[in-house]
> 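The structure's right below; bear with me while I get my questions together.
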Amino acid sequence: MKALITNIQGFSIHDGPGIRTLVFLKGCSLACRWCANPETISPQKELGHLEQLCTGCGKCIVRCPEQALRMADGGRPHIDRKRCTACGECATNCAVKALVIYGEEMGVREVFDQVMRDSLFYDESGGGVTVSGGEPLLHAPFVRELFGMCRSSGIHTCMETSGNAEESVLRELLPVTDYVLFDLKHQDATEHRKLTGKSNENVLRNARTVVGSGVDFLFRLPLIPGLNDGTENILATARFLKELGEPAQRIELMPFHRIGSGKYKALTRENKTADLAAAGSEQVEAVRLLFEEQGIRCLVSH
């Protein structure tokens, strides 16, 4: 069992309880306008060019077996995406690491072995492994096997998901999942489609499934100024959480930032976050208070 992994990041304290190791899977079922991890959207390997590191030596052009690289104006290589197969030949031979391959094929055992390296920190902090993306539900068999191995070794398992999948896929993973971080991006189906490319029908149905499963969970709202921070959406989200019962009446705000904007350039992909403003502290506090006024406990991610 293998999957494409973009990163395995240790010592995280923001993606589930305790100190955690994050496993980022490649491939997403949504295309959110504010995505901070564009390298995880495509389910295929991709070549990235970190221009700030490039010296313009041109060795990558000689190495490319597909002739997908050429020297562009400014003395930096240009990637022909139609020709590039992300074979990694250029990246392997780039001395300054200006060329990177997003997506490494790894087996479950390989990922598990990396997760186990930090097991001492899990024991001391109540942490564990969190599988993110992209979208873990696109890799259900892989995640199920990984989580099964983790649980057998006493490692807490957490899944970070948008909930956009068939209910049967979610139910496949819930028996081996200890904690679910579940994003609620917008309550209006039309707006949700505009902002993510898909309706929220699966999302809302699967939110109900998680609440009824007995698995611990936390709903989260990525807070994007001008897109989903309006009073109408906040009130609609609060109503939805109330409908789900007392355990669901809390939410974590994740204020938008532009940290991932450089990755769009590396992938020569349109940066849809360019015209979005970061969420200011006053905006965030106003939304937090509105949730609290509705009886919803509201945390803010930092």
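Here, residue 1 is the first one in the sequence, and each next residue gets the next number.
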> Decide yes or no for V176 and T157: does some side-chain heavy atom of the first lie under 4.5 Å from some side-chain heavy atom of the second?
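Not in contact.
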> Are F182 and V23 connected in a single hydrophobic cluster, I mean Ile/Leu/Val/Met/Phe/Trp/Tyr linked by side-chain heavy atoms less than 4.5 Å apart?
yes
> Just say parallel, tilted or perpendicular for the rings of H156 and Y179, cut-offs at 30° and 60°.
tilted
> Regarding T268 and R81, is there a side-chain donor-to-acceptor distance under 3.5 Å anywhere?
yes
> Answer yes or no: is there an ion pair linking D188 with K194, defined by an N-O contact shorter than 4.0 Å?
no
> Distance from E104 atom CD to I5 atom CD1, nearest 0.5 Å?
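E104 CD to I5 CD1: 8.5 Å, rounded to 0.5 Å.
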> Can you check whether V210 reaches V215 side chain to side chain, under 4.5 Å on heavy atoms?
no
> Assess whether side chain to side chain contact (heavy atoms under 4.5 Å, CB included) is satisfied between F256 and L227, documenting all intermediate values.
CA-CA 11 Å; F256 171 71; L227 298 185; over 6 Å; no
> Would you mind reporting whether I101 and L47 have side-chain heavy atoms less than 4.5 Å apart?
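L47 reaches I101 side chain to side chain.
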> Is it true that T209 and E167 share a donor-acceptor pair across their side chains at a distance under 3.5 Å?
yes
> Would a distance-only check, ignoring hydrogens and angles, find a side-chain to backbone donor-acceptor pair under 3.5 Å from R63 to N93?
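Flag not set: sc R63 to bb N93 has no pair under 3.5 Å.
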> Side chain of T273, backbone of W34: donor and acceptor closer than 3.5 Å?
no
> Check the pair L170 / V180 against side chain to side chain contact (heavy atoms under 4.5 Å, CB included), numbers first and verdict last.
CA-CA 11 Å; L170 176 64; V180 178; 5.8 Å; no
> State, with a plain yes or no, whether a side-chain heavy atom of I8 is found less than 4.5 Å away from one of M106.
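Touching, per the 4.5 Å side-chain cut-off.
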> Determine, for D113 against R109, whether the closest basic-nitrogen to carboxylate-oxygen distance falls under 4.0 angstrom.
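Answer for the salt bridge query: yes.
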> Does either side chain, that of K265 or that of N271, offer a donor lying less than 3.5 Å from an acceptor on the other one?
no
> A side-chain contact here means heavy atoms from C-beta on lying under 4.5 Å apart; do V111 and F142 qualify?
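In short, these two side chains touch, coming nearer than 4.5 Å.
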> Is there a donor-acceptor contact under 3.5 Å from the side chain of S29 to the main chain of N164?
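A pair under 3.5 Å: yes.
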> A side-chain contact here means heavy atoms from C-beta on lying under 4.5 Å apart; do F112 and C150 qualify?
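A side-chain contact under 4.5 Å exists here.
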> Would you call C87 and P65 a side-chain contact if the rule is heavy atoms closer than 4.5 Å?
yes
> Can you check whether Q187's main-chain N or O pairs, donor with acceptor, with H192's side chain at less than 3.5 Å?
no
> Quick one: does any side-chain atom of N228 pair with a main-chain N or O of H186 as donor and acceptor, under 3.5 Å?
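Not confirmed, N228 side chain does not pair with H186 backbone.
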> Could you give the distance from NZ (K45) to OG1 (T6), rounded to the nearest 0.5 Å?
13.0 Å
> Look at the side chain of R288 and the backbone N and O of V300, then say whether any donor-acceptor pair between them is shorter than 3.5 Å.
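No; judged by distance alone, with no hydrogens or angles, the pair does not exist.
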> So do the side chains of Y264 and C35 get within less than 4.5 Å of each other, counting heavy atoms only?
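The answer is yes, as the side chains (C-beta and beyond) meet within the 4.5 Å cut-off.
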> Strictly below 4.0 Å, N to O, side chains only: are E39 and K263 in salt-bridge contact?
yes
> Once rounded to the nearest 0.5 Å, what's the spacing between atom CD of E66 and atom CZ of R83?
8.0 Å
> Using residues 120-139 as the side-chain source, report each donor-acceptor pair under 3.5 Å to any protein atom, sequence neighbours left out, with the distance given to one decimal.
from, atom 1, to, atom 2, distance (Å)
Y122, OH, T21, OG1, 2.5
Y122, OH, V115, O, 2.7
S125, OG, I19, N, 2.8
S125, OG, F121, O, 2.8
S125, OG, G127, N, 3.3
T130, OG1, D15, O, 2.6
T130, OG1, R20, NE, 2.6
S132, OG, E160, OE1, 2.6
E135, OE1, T161, OG1, 3.3
E135, OE1, S162, N, 2.9
E135, OE1, S162, OG, 2.9
E135, OE2, L137, N, 3.0
E135, OE2, T161, OG1, 2.8
H139, NE2, K26, O, 2.9

> Roughly how far, to the nearest 0.5 Å, is OG1 of T40 from OH of Y102?
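Here the rounded value is 11.0 Å.
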> Under the 3.5 angstrom rule, does the side chain of K185 hit a backbone N or O of T196 as a donor-acceptor pair?
no
> Could you tell me the separation between the CE atom of M71 and the NE2 atom of H78, rounded to the nearest 0.5 Å?
12.5 Å
> Nearest 0.5 Å, please: how far is CD1 in I296 from OG1 in T237?
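The OG1 atom of T237 sits 9.5 Å away from the CD1 atom of I296.
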> Side-chain polar contacts of residues 238-253 - donor-acceptor pairs under 3.5 angstrom, sequence neighbours left out - could you list them?
from, atom 1, to, atom 2, distance (Å)
K242, NZ, Q294, O, 2.6
R250, NH2, F217, O, 2.8

